[in-house]
Amino acid sequence: MHALSSTRAVERAAPWTGTNLAEVQVLLDATPAMLHRWLEASPEPIDILHFIGHGDFDIATGLGYLAFENEGEGLQTVDSQVLQQILCRRDIRLLFLNACETGKGGTANFIRGVAPALVAGGVPAVVANQFSVLDVSATAFAR
């Protein structure tokens, strides 16, 4: 999915655009380290975090993943256990995962999927996709 076009779709669809009700910050090409630093440096709790990108659930390892940029502008997959360390216990009230297969859980251990792991780690609400989705569907979902 093209993150920039989806980002614009989210910004346009936001009912608070042009008001003082919410502040929207965009981290394009975010690495896991960049996201971690941004969350650590935030003076206020982040109410909603919206991830637009790629996700996967690897049946062989039984882990869910999100795909991020790495420092060399390549791809870095981050598994659900590491995502718990980055995203949980930060008072995020809603995590919106606009990425494929982020709602899947493992058959032997359900909470090894991305969304189940984050809920188990304390995020009160996670919106995720259980299956792969087309870019056009992901953009509509973001709206």
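Counting begins at 1 with the first residue of the sequence.
Across all non-hydrogen atoms, the minimal contact from Val123 to Val126 is CG1-CG2, 3.8 Å. The two residues Ala99 and Gly55 make their nearest non-hydrogen contact at CB-N, 3.6 Å. Between Asn70 and Gly74, the shortest heavy-atom contact is OD1-N, 2.7 Å. Glu101 and Ser132 get closest at one heavy-atom pair: OE2-OG, 3.5 Å. Across all their heavy atoms, Val78 and Leu83 have their closest contact at O-CD1, 3.6 Å.
Under the 4.5 Å side-chain heavy-atom criterion for grouping Ile, Leu, Val, Met, Phe, Trp and Tyr, Leu49 is connected to Leu66 within one hydrophobic cluster. Linking Ile, Leu, Val, Met, Phe, Trp and Tyr whenever their side-chain heavy atoms come within less than 4.5 Å puts Phe68 and Trp38 in one cluster.
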Identify all side-chain donor-acceptor contacts of residues 28-37 below 3.5 Å with residues at least two apart in sequence or on another chain.
residue : atom : partner : partner atom : Å
Thr31   : OG1  : Met34   : N            : 2.9
His36   : ND1  : Arg90   : NH2          : 3.0

Show every donor-acceptor pair shorter than 3.5 Å between a side-chain atom in residues 111-118 and any protein atom, with sequence neighbours excluded, or say none if there are none.
residue : atom : partner : partner atom : Å
Arg112  : NE   : Gly62   : O            : 3.2
Arg112  : NH2  : Thr61   : O            : 3.0

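Side-chain contact between Asn129 and Asn98: present, with at least one pair of heavy atoms (C-beta onward) separated by less than 4.5 Å. With contacts defined as side-chain heavy-atom distances shorter than 4.5 Å, the pair Leu63/Asp58 does not qualify. In this structure, Cys100 and Val133 have side chains that are in contact, with non-hydrogen atoms separated by less than 4.5 Å.
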